[in-house]
Amino acid sequence: MVDCCSAPGLLPFEQALNNMLNVIEPITDIEQISLESALGRILAQDVRSPVNVPPNDNSAMDGYAFSYQSLALNKEMTLVGRSMAGAPFQGKCKLGECVRIMTGAKIPDDCDTVEMQENCQATGEKITFLSTRSLADNVRSKGEDIAVEQTVFFSGRELTTVDIGVLASLGIQKVCVYRKLKVALISTGDELKKPGQLLNVGDIYESNSYFLTAILSKLGAEIIDFGIIEDIEKSIFKAFKKADEIADVVISSGGVSVGDADYTKTVLEELGEIEFWKIAMKPGKPFAFGTLPNSYFFGLPGNPVSALVTAHQLALPALLKMQNSHFIKPLLIPAKTKTSLRKSPGRMDFQRGIIENTESGELVVTTTGSQGSGILTSMAAANCYIVLAAEQGRVEAGEWVKVQMFDKYLQ
Ligand code: AMP
Ligand code: MG
């Protein structure tokens with residue numbers, strides 16, 4: 001039997017992704033926001049440090065600060081004051097003198113070296129130094145972490161929890177970021193009901209908009225949910241037209257295959273320049289992409305696993321580019337499959353698996369079982385994709401495969 005899906009005319013996955021990335025123009029609108037609300041936002045400017053970190057030469061130890069020259073002259077010095085964190089020593093520290101100093105405290109102007117207290121003997125104001133030292137020992141230099149004017153983060157960086165802390169440590173209160181993407185979500189299909197509604201015979205619960213909302217929230221997008229649009233040409237037209245007017249991106253699910261009641265194709269062709277692809281990937285063959293008058297359009301397949309995998313593998317990189325984030329190609333990790341994997345040549349497979357370490361430290365992966373495109377639990381049970389190249393056939397247990405870990409968007 002000829003596999004329908006290995007038929008020629010399918011668009012290779014990489015080509016579909018590149019086609020989209022070549023068309024997408026990133027947004028340019030920027031805004032200034034407070035550091036407190038900057039988590040996950042995309043920097044629109046390089047950030048240069050307004051200060052040195054640390055701002056002064058300071059002590060790495062609790063001990064005594066002195067001029068290195070003094071130690072060569074005499075192992076005994078006179079204590080003339082204290083330098084504490086937040087209360088630096090203000091006086092003069094001449095040759096033969098030393099200053100009690102605490103970790104993080106400023107090194108007095110006349111000093112350049114610190115000895116830790118464990119290597120000193122204090123008798124009243126007389127401090128005896130028991131070890132030899134090199135110049136600048138136990139001194140953390142001004143600007144050794146970050147020098148003033150140094151670029152700390154580059155434009156396009158998605159600010160992480162740690163980054164927020166770094167920016168605060170530089171005394172930065174506001175950052176310049178790209179505005180949030182506005183994404184309109186449309187679900188199509190008369191059989192769809194929202195959780196909480198009663199199911200009639202033939203109905204199913206709508207799930208795509210829920211995980212799409214979750215992915216988009218992690219992306220930091222503003223979501224405009226159009227809900228479920230009935231399979232009536234006029235209604236679909238109205239929804240897409242409105243969505244295009246108010247959003248940067250319109251994402252629909254369902255209705256991109258050629259079913260009788262699927263009007264999305266007719267409507268979209270009327271509204272914009274949309275290509276309906278058959279992508280050589282599994283799950284997720286039917287996929288549409290193009291431009292509407294004011295927005296980009298992504299048409300995901302209706303089957304939940306297909307919708308989720310195409311959203312994650314194809315729409316997400318395009319959205320990242322659109323919001324100016326750096327898209328990093330996912331790592332492919334080699335692992336041995338514990339089970340055989342059904343596969344026929346023709347389409348690139350994103351099977352779902354569980355990757356783990358054996359006791360001997362080897363990476364092994366196990367399939368989550370049935371890989372049907374409606375079985376969303378196969379994604380829920382997984383922690384990775386088993387990525388099988390288009391030309392690959394069946395894989396036997398013990399063979400090496402490539403694995404792509406699930407990232408934050410799926411967790
Ligand atoms: P379609 O591409 O519209 O023919 O949909 C393919 C399959 O996916 C059908 O079984 C639909 O019921 C199902 N489907 C479509 N949209 C959704 C959705 N938002 N949530 C869950 N299942 C859906
Ligand atoms: Mg449908």
Side-chain angles (χ1 to χ4, degrees), residues 4-5 10-11 16 183-217 221 223-240 243 247 249-271 274-290 297-316 319 347 350 352 370-382 409-410:
C4 66
C5 304
L10 295 184
L11 185 64
V183 183
L185 277 184
I186 297 176
S187 301
T188 67
D190 285 342
E191 74 283 21
L192 304 178
K193 292 283 179 300
K194 288 272 176 195
Q197 290 184 321
L198 217 58
L199 287 188
N200 293 319
V201 181
D203 289 348
I204 59 163
Y205 285 119
E206 194 277 300
S207 53
N208 295 354
S209 77
Y210 289 84
F211 58 68
L212 292 172
T213 296
I215 291 184
L216 292 166
S217 310
I223 300 150
I224 310 148
D225 191 356
F226 277 72
I228 301 160
I229 306 299
E230 50 189 353
D231 276 326
I232 295 174
E233 193 168 342
K234 237 168 90 188
S235 309
I236 294 177
F237 184 88
K238 249 176 73 185
F240 277 103
V249 178
V250 178
I251 299 180
S252 74
S253 70
V256 284
S257 45
V258 270
D260 287 340
D262 293 333
Y263 296 112
T264 42
K265 196 163 190 261
T266 343
V267 163
L268 285 162
E269 275 168 349
E270 202 173 319
L271 281 174
I274 311 292
E275 291 188 56
F276 291 81
W277 292 330
K278 287 188 167 53
I279 301 179
M281 73 183 285
K282 194 179 171 188
K285 191 172 60 163
F287 185 87
F289 170 71
F297 171 74
F298 299 92
L300 312 180
N303 278 312
V305 181
S306 308
L308 182 49
V309 175
T310 51
H312 187 227
Q313 294 286 348
L314 289 168
L316 183 65
L319 292 172
R347 293 200 274 167
F350 293 91
R352 277 73 70 201
S370 180
Q371 299 286 312
S373 58
I375 302 174
L376 201 49
T377 49
S378 73
M379 283 293 283
Y409 298 101
L410 295 182

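Please read all numbers here as calculations on a predicted model, not as lab measurements. Starting from 1, each residue takes its place in the sequence as its number. Indexing begins at 1, ligand by ligand and atom by atom, following the structure's order.
For ligand 1, the atoms closer than 4.0 angstrom to any heavy atom of Tyr205 are 21 (C). Atoms of ligand 1 found under 4.0 Å from any heavy atom of Glu191, numbered from 1 in the order shown, are 11 (C), 12 (O). Close approach of ligand 1 to Ser253 is summarised as follows: ligand atoms under 4.0 Å from at least one heavy atom of the residue are 19 (N).
Every N/O-N/O distance between Ser209 and ligand 1 stays at or above 3.5 Å. Residue contacts with ligand 1: Gly254 is placed with no nitrogen or oxygen under 3.5 Å of a nitrogen or oxygen of the ligand (distance criterion only).
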Problem - Steps toward side chain to side chain contact (heavy atoms under 4.5 Å, CB included) verdict (Ile279, Thr310) - result: CA-CA 10 Å; Ile279 301 179; Thr310 51; 5.9 Å; no
Exercise for review: Take Leu319 and Ile215, measure what side chain to side chain contact (heavy atoms under 4.5 Å, CB included) needs, and give me the verdict at the end.
Suggested key: CA-CA 11 Å; Leu319 292 172; Ile215 291 184; over 6 Å; no
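Considering each of Gly202, Pro286, Gly302, the one bringing a non-hydrogen atom nearest atom 13 (C) of ligand 1 is Gly302. Of all the listed residues (Leu185, Asn208, Asn303), Asn303 holds the heavy atom that lies closest to atom 7 (C) of ligand 1.
With hydrogens and angles ignored, the 3.5 Å screen pairs no side-chain donor or acceptor of Arg347 with any backbone N or O of Ala280.
Not counting sequence neighbours, the partners of Phe298 by the ring-ring contact (aromatic ring centres under 6.0 Å, His included) test are Phe289.
A parallel orientation is assigned to the rings of Phe287 and Trp277, their planes being inclined by less than 30° (bins at 30° and 60°).
With a heavy-atom cut-off of 4.0 Å, Ile204 touches ligand 1 through its side chain alone.
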What side-chain donor-acceptor pairs closer than 3.5 Å can you find for residues 197-206, not counting sequence neighbours?
residue	atom	partner	partner atom	Å
Gln197	OE1	Lys194	N	2.8
Asp203	OD2	Lys193	NZ	3.1
Asp203	OD2	Asn200	N	2.8
Tyr205	OH	Gln197	O	3.2
Glu206	OE1	Lys194	NZ	3.3
Glu206	OE1	Ser209	OG	2.6
Glu206	OE2	Ser187	OG	3.4
Glu206	OE2	Asn208	N	3.0
Glu206	OE2	Ser209	N	2.7
Glu206	OE2	Ser209	OG	3.4

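Using a non-hydrogen distance threshold of 4.0 Å, Gly189 does not register as a contact of ligand 1. Taking a 4.0 Å cut-off on heavy atoms, Gly255 registers as neighbouring ligand 1. Under a 4.0 angstrom heavy-atom cut-off, Pro301 registers as lying outside contact with ligand 1.
At least one side-chain heavy atom of Phe240 sits less than 4.5 Å from a side-chain heavy atom of Ser252. Residues Leu376 and Phe211 are in side-chain contact: their nearest non-hydrogen atoms beyond the backbone lie under 4.5 Å apart.
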